[in-house]
Trainee: 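Have a look at the structure that comes next, please.
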2 protein chains.
Amino acid sequence: MSAVPARVVAMPLRTVNGSQPYLRAVTRRAAACSTCKSMAFCLACGGATDPAAVDALVTQRVRLHKGESLVRSGDTFTGLFAVRSGSCKSVVTTPGGQEQIAGYHIAGDILGAEAIYTHAHDCTVTALEDSEFCVLPFERMEALARHSAEFQHKFNALLSREIGRERRVMLMLGTMRAEQRLAAFLLDLADRYHARGYSSSEFVLRMTREEIGSHLGLKLETVSRLFSRFHQEGLIQVQGRDVKLLDRVALTQLVDATLQ
Amino acid sequence: MSAVPARVVAMPLRTVNGSQPYLRAVTRRAAACSTCKSMAFCLACGGATDPAAVDALVTQRVRLHKGESLVRSGDTFTGLFAVRSGSCKSVVTTPGGQEQIAGYHIAGDILGAEAIYTHAHDCTVTALEDSEFCVLPFERMEALARHSAEFQHKFNALLSREIGRERRVMLMLGTMRAEQRLAAFLLDLADRYHARGYSSSEFVLRMTREEIGSHLGLKLETVSRLFSRFHQEGLIQVQGRDVKLLDRVALTQLVDATLQ
DNA sequence: CGTAAGTTTGACTTACATCAAGTTTTGTGG
DNA sequence: CCACAAAACTTGATGTAAGTCAAACTTACG
């Protein structure tokens, strides 16, 4: 499943990235935050005092099929994106062509902040299942932030949260052993699903073993072996992509254990 | 050299973190950006239209001796810090007590952005040599951003730059082999010194082999062996902490080379 | 000037990668 | 809905990059 550009369909089509019209836009009205299931935890509008102002922020909504890309590395930055439903991965590439999955995003997550500074996205965002995204033009965000101290603060917090998230991944990659990385990954995933009202112990992985490995700095065989081992040891129950956490305490201890 | 709190000295003392007065503040006037050598590349004020407004941002300056800490993990967030001179390391700790150096900062760098979201710093910042820092209270930054669209934009760019920087470290830790990590580290360091007007090929490392290893996800012995090998191969010249890059092209090729 | 911290180098170990073969799942067109 | 190909996954055997342990050497510092 390599990243394929979404085919263009007839609709109120507005391209997000100027020249390449590989996104299907849906109607303006449909994008309203007020009708969004993810409203509560989406930092673009969560708890906003003035919903109308935030509604005006979202200029369009984009639907992507599994495998289609929202942005490509190198695309000119025009704004951020919010995951409205579904999930996606952010893939960064080394100069040498090595790929790594920098992040795995679900409903309510905001994408693209790394591009504010350089004015160019440095990762390719690809849908892991049929998904919807909201487009948040940056000038509008800046204008709203100037207007509303509350939104300004929220926007700063959003960027800060991203820094913290990446720092945790960095810490994982720099200090943890394979089993600790996978345990930490599963626990983090469970927490994030929980925050969105889903089960915190039972979920479906949207990524392949290879994609999980790419995110954790491991090879797919290692990931597969670890799933099998965790299953044997009674820590989790795995059947393909269906995962059920059976012993959170043991998983947490595993993550926290200092590699003697 | 473990992190030691700075001893408190008599001076116009104002504590940065409420209860713990482990920082020595220097006079208000001395903190002015207009007299700062790092002005050009410090994102707090670089290229600002209204220097007076930015000057008002910096409420105090802090001097630290080698080994003293600016903030500790868990400290309440009150604002950001700018490195005025010298250098420091940001150390994050896993729940299990494992440490990693998340970043190495020199003059002009801004620290502490990860804490905006949680209101608590998640790393301990320790001076690697005698250094000076500017204290930037967050409310003042927010106020100035509301006042000046230019500063607002610069502030967002600052946070975004940090996200990009961490993503590059993540990519390094997730995909590169030991020799590639060290080569990338040296090249990055050279670039940053160059941007600040220092030699881009000759510099003094302020970190120990162990600290470099901690930042790169390697052990000190591995770092030491690699330095020796790079030296033998004519890529660099090393004598303790004095480093001279001899073959940037080869180093770059090494980083870009796809593994195997 | 002496002790502690930092560094180098060697011998050995290990966690994870690589290679390889077989199995299961997914997706597509007849 | 079934058949069949491609993709994804599992498991085993073997290789290797980097870690660990250890000892000697060098540099920094009170």
Side-chain angles (χ1 to χ4, degrees), chain A residues 1-4 65-68 89 98 100-101 126 128-130 172-183 204-232 236-243 254 257-260, chain B residues 1-4 65-67 89 98 100-101 126 128-130 172-183 185 204-232 236-243 254 257-260:
Chain A
M1 185 188 63
S2 67
V4 172
H65 282 304
K66 184 177 173 176
E68 293 175 339
K89 59 175 178 178
Q98 277 276 101
Q100 179 173 29
I101 297 188
T126 305
L128 292 169
E129 62 194 301
D130 293 4
M172 181 194 70
L173 293 173
T175 66
M176 292 187 187
R177 320 212 277 94
E179 51 179 20
Q180 295 179 300
R181 294 184 198 186
L182 186 62
V204 177
L205 296 169
R206 299 293 174 183
M207 320 168 94
T208 66
R209 301 286 189 260
E210 187 169 20
E211 285 166 335
I212 294 170
S214 169
H215 184 49
L216 303 181
L218 303 171
K219 294 293 158 181
L220 72 297
E221 295 96 329
T222 304
V223 174
S224 178
R225 273 183 247 271
L226 285 170
F227 270 126
S228 301
R229 218 181 79 202
F230 284 2
H231 185 101
Q232 274 173 36
I236 62 173
Q237 202 173 294
V238 209
Q239 172 62 255
R241 301 206 183 170
D242 298 316
V243 176
L254 187 59
T258 161
L259 32 146
Q260 70 214 314
Chain B
M1 184 187 65
S2 66
V4 173
H65 283 304
K66 184 176 174 179
K89 60 176 179 178
Q98 278 277 103
Q100 179 172 29
I101 296 187
T126 305
L128 292 169
E129 61 194 301
D130 293 2
M172 181 194 71
L173 293 173
T175 66
M176 292 187 188
R177 320 212 281 94
E179 52 177 20
Q180 295 179 300
R181 294 184 199 186
L182 186 63
F185 173 74
V204 177
L205 295 170
R206 299 293 173 181
M207 322 169 93
T208 66
R209 302 286 189 258
E210 187 169 20
E211 286 168 334
I212 295 169
S214 169
H215 184 50
L216 303 180
L218 303 171
K219 294 291 159 183
L220 73 298
E221 294 96 329
T222 305
V223 174
S224 178
R225 273 183 245 273
L226 286 169
F227 270 126
S228 301
R229 218 180 79 202
F230 283 2
H231 186 102
Q232 274 173 36
I236 64 174
Q237 202 174 294
V238 209
Q239 171 64 255
R241 301 205 183 170
D242 298 316
V243 176
L254 187 58
T258 157
L259 16 157
Q260 69 63 65

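Throughout, a chain's letter reflects where its sequence line sits, starting with A, and its residues are numbered from 1.
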Trainee: Can you spot which of A:T126, A:L128, A:L205, A:L216 makes a side-chain contact (heavy atoms from CB on, under 4.5 Å) with A:E211?
Mentor: A:L128

Trainee: Residues in side chain to side chain donor-acceptor pair (under 3.5 Å) with B:E129, at least two apart?
Mentor: B:S87, B:R206

Trainee: OP1 or OP2 of C:dC19 versus the side-chain N and O atoms of A:K219: is any pair under 4.0 Å?
Mentor: no

Trainee: Between P on D:dA18 and CG on B:L182, what's the gap in Å once rounded to a whole number?
Mentor: 11 Å

Trainee: Not counting sequence neighbours, which residues clear salt bridge (Lys or Arg N to Asp or Glu O under 4.0 Å) with A:R229? List them please.
Mentor: A:E179, A:E233

Trainee: Can you tell me how far the NZ atom of B:K89 sits from the CD atom of B:Q100, to the nearest 0.5 Å?
Mentor: 12.5 Å

Trainee: Could you work out how much the helix from C:dC1-D:dG30 to C:dG30-D:dC1 bends, comparing the axis of its first five pairs with that of its last five, to 10°?
Mentor: 60°

Trainee: Calculate the interatomic distance between B:M207 atom CE and C:dG6 atom P; express it in whole Å.
Mentor: 13 Å

Trainee: By the 4.0 Å heavy-atom rule, please label A:R241 as base, sugar-phosphate, or nothing.
Mentor: sugar-phosphate

Trainee: Nearest whole angstrom, please: distance from the P of C:dG6 to the CG of B:D242.
Mentor: 17 Å

Trainee: Among residues at least two apart in sequence or on other chains, which ones pass side chain to side chain contact (heavy atoms under 4.5 Å, CB included) with A:D242?
Mentor: A:V204

Trainee: Could you encode protein contacts along nucleotides 8-15 of chain C as a string, one character per nucleotide from 5' to 3', using B for base contact, S for sugar-phosphate-only contact and - for no contact, with a heavy-atom cut-off of under 4.0 Å?
Mentor: BBBB----

Trainee: Give B:G213 one of three labels, base, sugar-phosphate or nothing, depending on what nucleic acid heavy atoms sit under 4.0 Å from its own.
Mentor: nothing

Trainee: Measure from NZ on A:K66 to C1' on C:dG27 and round the result to the nearest Å.
Mentor: 9 Å

Trainee: CG/A:L226 to CZ/A:R177 distance, rounded to the nearest 0.5 angstrom?
Mentor: 10.0 Å

Trainee: Is there a donor-acceptor contact under 3.5 Å from the side chain of A:D130 to the main chain of A:K66?
Mentor: yes

Trainee: Give the rounded distance in Å between these two atoms: CD of A:Q180 and C1' of C:dC16.
Mentor: 14 Å

Trainee: Applying side-chain contact (heavy atoms from CB on, under 4.5 Å) between A:I212 and each of A:V223, A:T222, A:L220, report the one that passes.
Mentor: A:V223

Trainee: What's the CE-P distance between B:M176 and C:dA17, to the nearest Å?
Mentor: 17 Å

Trainee: Would you kindly give the CD-to-C1' distance between A:E211 and D:dA8, to the nearest whole Å?
Mentor: 11 Å

Trainee: How many whole angstroms separate atom CD of A:E210 from atom C1' of D:dT10?
Mentor: 15 Å

Trainee: Looking only at heavy atoms, what is the nearest atom pair of A:L173 and A:H215, with distance?
Mentor: CD2-O, 4.0 Å

